[in-house]
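Let me begin by presenting the structure, written as structure tokens, before commenting on it.
In what follows, chains carry the letters A, B, and so on, assigned in the order in which the sequence lines appear, proteins first and then strands, with residues in each chain numbered from 1.
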Amino acid sequence: MPLIAITDVKKRFGDNEVLKGINIDVDPGEVIAIIGKSGSGKSTLLRCINGLESIDDGSILVAGAHLAPDEASLKALRLKVGMIFQQFNLFPHLSVGRNVMLSQMVVKKTPKAEAEAMARRMLDRVGLAHKFDAYPEQLSGGQQQRVAIARALAMQPIALLCDEITSSLDPELVAEVLAVVRELAADGMTLLMVTHEMQFARDVCNRVVFMHEGRVHESGPPEELFGAPRTPELRQFVGRH
Amino acid sequence: MMMEFSTWDILRNLLLAARWTILLSLVSFIGGALVGLLILFLRIGKGRTGRVLAAGYVELFQGTPLLMQLFLAFFGLGLFGIDVPAWLAAATALILWTAAFLAEIWRGCVEAIRRGQWEAAASLGMGYIQQMRWVILPQALRIAVPPTVGFSMQVVKGTALTSIIGFVELSKAGSMVTNATFQPFTVYGLVALIYFALCWPLSKSSQMLERKLNAPHSHH
Ligand SMILES: Nc1ncnc2c1ncn2[C@@H]1O[C@H](COP(=O)(O)OP(=O)(O)OP(=O)(O)O)[C@@H](O)[C@H]1O
Ligand SMILES: [Mg+2]
């Protein structure tokens with residue numbers, strides 16, 4: 001059974017149909033790169049999977065449970081699926097450690113000591129244990145993004161959604177974040193990532209999904225997709241990257 | 001018989017009346033903050049009716065002069081045969097007026113928090129109230145402090161209008177003392193100085209807080 005089953009998902013903003021029937025099944029441990037032109041609906045798809053946008057049609061199942069728009073099932077979904085954003089979105093008023101502890105304590109009611117231990121473990125995992133007491137503004141972009149990953153991991157999700165998580169980083173900081181993601185993939189985390197890092201997609205992903213105008217235009221193993229694109233749209237896209 | 005007033009007599013009378021200005025300011029500000037908080041949560045909440053009502057409330061009170069609100073509170077309730085003492089009308093009108101402005105100031109502060117903060121909190125499983133309580137309000141509060149303290153000055157000055165419906169605070173005392181002493185320049189000069197003495201610390205602390213909260217690493 002797929003971990004995430006996306007079936008005939010449609011999404012409109014007013015008259016603008018952004019997702020025109022998306023079908024993707026994600027198996028446990030799979031690492032999927034979503035690529036495509038700007039405006040093709042990549043972010044919208046991830047946001048729908050996390051319930052940040054409601055879908056107009058179709059269904060999304062995560063570990064067998066339906067995504068429904070009420071707060072209780074949204075919460076249940078989000079406990080299973082974490083999300084990392086392009087802009088990090090760390091909480092600026094909290095220290096790094098508190099950023100990672102907050103949702104454990106508030107959402108899962110984890111006792112403070114336990115939440116702190118978990119926060120230290122997760123920060124260690126992304127190589128930032130020594131920044132526990134620092135504030136987000138004191139960190140580089142790459143470090144902030146790694147904290148955001150630790151924060152999501154502390155909720156022990158079964159899958160992570162990553163929306164262009166290196167796009168707002170200075171080029172020299174991209175590698176440290178991708179290294180963390182690479183390790184997560186090696187540890188068997190299920191990953192669904194929108195990315196412009198084609199080399200990374202080639203090296204790390206099991207599957208690449210090419211989106212075009214709100215549809216999955218092509219999908220398959222990276223060597224196939226990049227090596228022998230079947231559609232002119234993908235050929236053009238690969239040529240430009 | 002014509003009495004002689006020394007400057008000290010004048011000042012003493014004005015200072016006694018200033019106590020009422022201070023009390024009315026405090027009541028208006030605290031009451032206004034509580035009502036304002038309620039309006040704020042309606043205004044930014046999920047219920048459509050609440051949002052519309054709160055927006056209408058704010059527009060009504062911001063779009064009419066405080067003086068008219070005082071008159072309406074004072075004479076309006078009188079129409080229904082309710083005898084409203086001046087202090088009650090003054091406090092009611094000022095509380096409602098303050099609430100409208102504070103709610104609007106605070107709404108701006110909440111909306112200044114980037115959408116990504118809501119989304120990050122949501123994606124971690126927090127519900128609306130938890131997002132508000134742990135992520136949005138603590139940040140909004142920091143930016144709300146300077147304009148809120150700044151607005152408290154407007155409340156202090158706003159209390160002067162209540163003299164028109166006969167509430168004896170600093171301004172009203174000023175005109176009463178003038179009638180007795182025929183020294184309008186001295187009296188109103190002193191009145192103005194007392195208002196300034198009340199407002200200046202507020203204005204300074206607003207500026208100070210603004211600098212302090214804008215300073216980097218000011219969390220500690
Ligand atoms: N909240 C919204 N309201 C209205 N339209 C939206 C909204 N969010 C996205 N859109 C529209 O949906 C379309 C797809 O946007 P989306 O952000 O999913 O694209 P994308 O593939 O992630 O692009 P990019 O590579 O630039 O991030 C765009 O035309 C965009 O304008
Ligand atoms: Mg996008």
Of the listed A:Leu52, A:Leu74, A:Leu77, A:Leu79, the one with the largest count of heavy-atom pairs under 4.5 Å with chain B is A:Leu52

Checked A:Arg47, A:Gln104, A:Gln86 vs chain B; the most non-hydrogen pairs under 4.5 Å come from A:Arg47

Any donor-acceptor N or O pair under 3.5 Å, side chains [X], [Y]:
X: B:Gln69; Y: B:Thr64; answer: yes
X: A:Asn50; Y: B:Ser123; answer: no
X: B:Gln62; Y: B:Glu104; answer: no

Which bit of [X] is near chain B, if near means a heavy-atom gap under 4.5 Å: side chain, backbone, both or neither?
X: A:Phe85; result: side chain
X: A:Leu90; result: backbone
X: A:Met155; result: side chain

With only heavy atoms counted, which part of B:Arg133 is less than 4.5 Å from chain A, the side chain, the backbone, both or neither?
neither

Note: B:Lys172-B:Glu169 ion pair, threshold 4.0 Å (strictly below):
no

Note: A:Lys10-A:Glu17 ion pair, threshold 4.0 Å (strictly below):
no

